[in-house]
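In what follows, chains carry the letters A, B, and so on, assigned in the order in which the sequence lines appear, proteins first and then strands, with residues in each chain numbered from 1.
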2 protein chains.
Amino acid sequence: MSAVAGGKGTGVPVSPNIIPFHEPKTHCGSCTLQELCVPFGLDPAAMRRLDELISYRAPVKKRETLYRPGETFNGLFAIRLGSFKTLLLTEDGREQIIGYRIAGEILGLDGIGSDRYTCEVVALEDSQVCFLPFKELDQLALEVPPLRRNLFRLMSRDLCRDQDMMLLLGSRSAEERLALFLLNLAERYQTRGYSARELVLRMTREEIASFLGLKLETVSRLFSSLQEEGLIQVQGRAIKLLDPWGLKQVVERS
Amino acid sequence: MSAVAGGKGTGVPVSPNIIPFHEPKTHCGSCTLQELCVPFGLDPAAMRRLDELISYRAPVKKRETLYRPGETFNGLFAIRLGSFKTLLLTEDGREQIIGYRIAGEILGLDGIGSDRYTCEVVALEDSQVCFLPFKELDQLALEVPPLRRNLFRLMSRDLCRDQDMMLLLGSRSAEERLALFLLNLAERYQTRGYSARELVLRMTREEIASFLGLKLETVSRLFSSLQEEGLIQVQGRAIKLLDPWGLKQVVERS
DNA sequence: CGACTAGTTGAGGCCAGTCAATGTTGGTGG
DNA sequence: CCACCAACATTGACTGGCCTCAACTAGTCG
């Protein structure tokens with residue numbers, strides 16, 4: 001069963017660990033991620049109304065599933081803390097990871113169209129999400145144009161990200177894929193105030209491989225060879241980008 | 001310069017070949033594709049208002065570009081007739097085809113978020129599109145909930161399609177990719193009232209290959225081998241699916 | 001008719017996959 | 001706190017699927 005989204009698609013949140021609202025810093029207005037997230041650019045009044053509509057903020061433990069394909073769509077999740085993988089299963093049971101989402105990003109957009117979520121979302125570490133019930137969100141968006149705009153922007157951002165990913169999977173070598181993966185990740189962490197040079201991966205080699213359309217041994221070998229080239233430094237899941245410009249060259253050399 | 005979307009991102013439509021509105025069958029209400037398209041499920045009054053906001057219906061010639069990355073986003077295009085490829089360019093100039101859109105489908109959603117279109121769209125044959133200016137569409141959607149719903153549905157549909165494509169590119173063999181491509185195409189043509197068994201490709205082998213993350217020779221070889229297996233019959237771009245069930249088996253055999 | 005584009009087919013090479021052995025890390029319980 | 005175990009990661013040897021290069025055919029348009 002899902003950790004938060006409600007069992008068996010009933011739409012009723014059942015997490016026993018909902019974070020009390022009187023805790024400090026559990027409001028959009030004081031959230032450090034607001035400019036990446038749904039509330040971006042809203043005036044204080046609108047922000048307060050958005051806050052009221054968020055029906056709960058809840059922790060999701062490592063490896064727990066946030067939602068699964070087929071569960072009824074009832075809203076979006078904003079990642080407050082932590083990271084998630086999104087994946088699809090092939091008919092023969094293998095999993096293909098199609099996304100990797102970190103704090104400030106939105107989960108659940110895949111369900112907007114069909115009333116059902118279509119992919120599976122699993123926490124890669126202990127995380128926290130804010131739940132935005134869609135009906136109410138849609139209503140509020142009617143009155144608040146910037147919110148409406150943000151919703152479109154978020155969907156469009158996902159569309160473009162997926163298209164970039166198709167470009168990557170369709171026409172890049174294994175080495176280019178890994179280099180792009182690292183650069184992209186570093187950039188996203190940087191916008192969140194973390195170092196642009198050092199990052200700690202939350203995924204296993206196998207998960208990275210699945211995401212990049214490769215095998216885990218290939219990923220492992222590539223980490224080693226990029227390290228030998230002096231471009232990165234690898235210590236398990238801690239990666240240092242020693243030469244970001246060199247990494248970009250790896251991508252751009254045709 | 002773009003064929004329709006306006007030169008140099010000015011947002012002013014400049015096509016010299018706009019189809020007069022007094023032509024028969026140029027209204028949503030009488031369009032055979034309405035149930036696949038934006039107007040799905042709208043009541044007659046709303047449908048009329050949607051019709052009024054469509055600022056033009058225009059032909060796009062084979063190989064003409066509908067819009068390019070960087071041009072200002074000013075609205076969506078509904079395909080009335082024909083087909084298009086959507087593509088991204090790598091920094092070294094190769095093109096990666098990321099989508100293949102036919103009548104009843106929507107183009108331009110990639111631009112909603114950023115005020116600029118992000119991919120390039122090119123007609124594969126002489127085609128026709130309806131232009132929906134986004135500002136007005138967004139306004140109308142405020143008053144017409146089913147229209148709002150349709151917009152979300154369309155974006156979400158694209159998201160899921162792209163995700164399926166990532167699954168295909170990330171974890172399927174060349175033969176599986178081609179079989180899936182043919183089955184998917186046949187299904188889409190079938191919903192539009194065409195035969196589920198016979199289809200005429202509008203793409204070259206090279207375009208199919210790019211879309212599937214392969215090389216043209218590989219695609220050509222696969223057409224031949226699927227034909228030898230008795231699953232399809234190939235005559236240039238005319239393909240007959242002799243054994244759709246067998247094709248599905250090709251995909252599902254792990 | 002010739003030039004051009006699209007498509008097919010063959011021979012050979014290489015990148016990434018597969019199989020397998022070994023090393024490392026981190027969580028758990030004694 | 002440390003020993004143990006399982007999961008994760010690395011590395012090597014070999015294989016194979018798809019790519020590359022190349023020759024040839026068929027259809028199209030001026």
Side-chain angles (χ1 to χ4, degrees), chain A residues 61-63 85 90 92 94-97 122 124-126 168-182 200-229 232-239 250-251 253-254, chain B residues 61-63 85 90 92 94-97 122 124-126 168-181 200-229 232-239 250 253-254:
Chain A
K61 285 233 169 60
K62 186 172 174 173
R63 279 178 232 284
K85 62 177 174 180
T90 52
D92 56 318
R94 283 168 302 150
E95 78 174 41
Q96 165 74 31
I97 294 178
V122 178
L124 291 168
E125 59 189 309
D126 291 353
L168 180 147
L169 293 170
S171 59
R172 295 201 184 275
S173 72
E175 193 182 34
E176 292 172 326
R177 293 182 199 191
L178 189 61
L180 270 172
F181 173 72
L182 292 174
V200 178
L201 302 172
R202 304 296 176 180
M203 304 170 109
T204 66
R205 298 290 189 261
E206 186 167 20
E207 286 165 332
I208 296 169
S210 168
F211 185 48
L212 299 177
L214 303 169
K215 292 288 152 182
L216 72 96
E217 296 95 329
T218 304
V219 169
S220 184
R221 268 185 256 274
L222 287 171
F223 272 126
S224 300
S225 73
L226 287 177
Q227 180 163 240
E228 273 165 35
E229 293 176 54
I232 62 175
Q233 185 184 316
V234 185
Q235 281 181 311
R237 299 194 186 177
I239 311 287
V250 167
V251 176
R253 76 182 174 218
S254 83
Chain B
K61 285 234 168 63
K62 186 172 175 175
R63 280 180 231 283
K85 61 177 174 180
T90 52
D92 57 318
R94 283 169 301 151
E95 76 173 45
Q96 166 72 33
I97 293 177
V122 178
L124 291 167
E125 59 189 309
D126 291 352
L168 180 147
L169 293 170
S171 60
R172 294 199 184 277
S173 72
E175 193 182 34
E176 291 173 327
R177 293 181 199 192
L178 188 60
L180 270 172
F181 173 72
V200 177
L201 303 172
R202 303 297 177 179
M203 304 172 108
T204 65
R205 299 291 190 259
E206 187 167 21
E207 286 165 332
I208 296 168
S210 169
F211 185 50
L212 298 178
L214 303 169
K215 291 289 153 182
L216 72 95
E217 296 94 329
T218 305
V219 169
S220 183
R221 270 184 255 275
L222 286 170
F223 272 126
S224 300
S225 74
L226 287 177
Q227 181 165 237
E228 271 164 37
E229 293 175 55
I232 63 175
Q233 184 184 318
V234 185
Q235 281 180 312
R237 299 195 186 175
I239 311 287
V250 166
R253 76 181 174 217
S254 85

*Asks:* To the closest 0.5 Å, what do you measure between CZ (A/R63) and NZ (A/K85)?
*Replies:*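 If we round to the nearest 0.5 Å, A/R63:CZ and A/K85:NZ are 8.0 Å apart.
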*Asks:* Distance check needed: C/dG27 C1' versus A/D126 CG, whole Å only.
*Replies:*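 Spelled out: CG on A/D126 to C1' on C/dG27 is 14 Å.
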*Asks:* Using a cut-off of strictly less than 4.0 Å, decide whether B/S224 has a side-chain nitrogen or oxygen near OP1 or OP2 of C/dT9.
*Replies:*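 It does, given that an N or O in the side chain of B/S224 lies less than 4.0 Å from OP1 or OP2 of C/dT9.
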*Asks:* Over how many whole Å does the gap from A/R205 atom CZ to C/dG23 atom C1' extend?
*Replies:*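 Value for this atom pair: 14 Å.
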*Asks:* Ignoring hydrogens and angles, tell me if any N or O in the side chain of B/S210 forms a donor-acceptor pair with the backbone of B/E207 under 3.5 Å.
*Replies:*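 The answer is no, because no donor-acceptor pair under 3.5 Å joins these two groups.
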*Asks:* With heavy atoms under 4.0 Å as the rule, sort B/T204 into base, sugar-phosphate or nothing.
*Replies:*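 Touches sugar-phosphate only.
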*Asks:* Do A/F181 and A/L201 make a side-chain contact, defined as non-hydrogen atoms from C-beta onward lying under 4.5 Å apart?
*Replies:*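 Sidechains of A/L201 and A/F181: in contact.
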*Asks:* At how many degrees, to 10°, do the end axes of the helix from C/dC1-D/dG30 to C/dG30-D/dC1 meet when each uses five pairs?
*Replies:*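 Both end axes considered, the difference amounts to 40°.
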*Asks:* When you compare the side chain of B/L178 with that of B/V250, does any pair of heavy atoms fall below 4.5 Å?
*Replies:*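 No, side chains not in contact.
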*Asks:* Determine whether A/F211 and A/L168 make a side-chain contact, defined as any pair of heavy atoms from C-beta on separated by less than 4.5 Å.
*Replies:*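 A/F211 does not reach A/L168 side chain to side chain.
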*Asks:* Between B/F223 (CZ) and C/dT8 (C1'), how many Å, whole number?
*Replies:*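 One finds 12 Å between C1' of C/dT8 and CZ of B/F223, rounded.
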*Asks:* Is any side-chain heavy atom of A/T204 less than 4.5 Å from a side-chain heavy atom of A/R237?
*Replies:*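 Result yes, sub-4.5 Å side-chain heavy-atom pair found.
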*Asks:* Quick check for you: to the nearest 0.5 Å, what is the distance between A/K61 atom NZ and A/E125 atom CD?
*Replies:*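 Here the rounded value is 14.0 Å.
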*Asks:* Roughly, in whole Å, what's the span from CD in B/E206 to P in C/dT5?
*Replies:*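 Distance, rounded to whole Å: 12 Å.
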*Asks:* At their closest point, which heavy atom of A/M203 faces which heavy atom of A/L124, and how far apart are they?
*Replies:*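 Nearest pair, atom of A/M203 first, then A/L124: CG-CD1, 3.9 Å.
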*Asks:* What contact category does B/R177 fall into here, base, sugar-phosphate, or nothing, at under 4.0 angstrom with non-hydrogen atoms?
*Replies:*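 Here B/R177 touches no strand at all.
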*Asks:* Rounded to the nearest angstrom, tell me the gap between atom CG in A/L212 and atom C1' in C/dC15.
*Replies:*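 Rounding to the nearest Å, CG of A/L212 and C1' of C/dC15 are 16 Å apart.
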*Asks:* In this structure, how many angstroms lie between the C1' atom of C/dT25 and the CD atom of A/Q235, rounded?
*Replies:*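 Distance, rounded to whole Å: 13 Å.
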*Asks:* Given atom CD1 of A/I239 and atom C1' of D/dA9, what is their separation to the nearest angstrom?
*Replies:*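 Taking atom C1' of D/dA9 as the reference, CD1 of A/I239 is at 12 Å.
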*Asks:* Nucleotide by nucleotide, 5' to 3', does protein get under 4.0 Å of the base (B), only the sugar-phosphate (S), or neither (-) in nucleotides 14-30 of chain D, counting heavy atoms?
*Replies:* ----SSBB---------
*Asks:* How many whole angstroms separate atom CE of A/M203 from atom C1' of D/dA9?
*Replies:*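 Atom-to-atom, A/M203 to D/dA9, this comes out as 16 Å.
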*Asks:* Which heavy atom of A/A174 sits nearest a heavy atom of A/L214, and at what distance?
*Replies:*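 It is CB-CD2, 3.8 Å.
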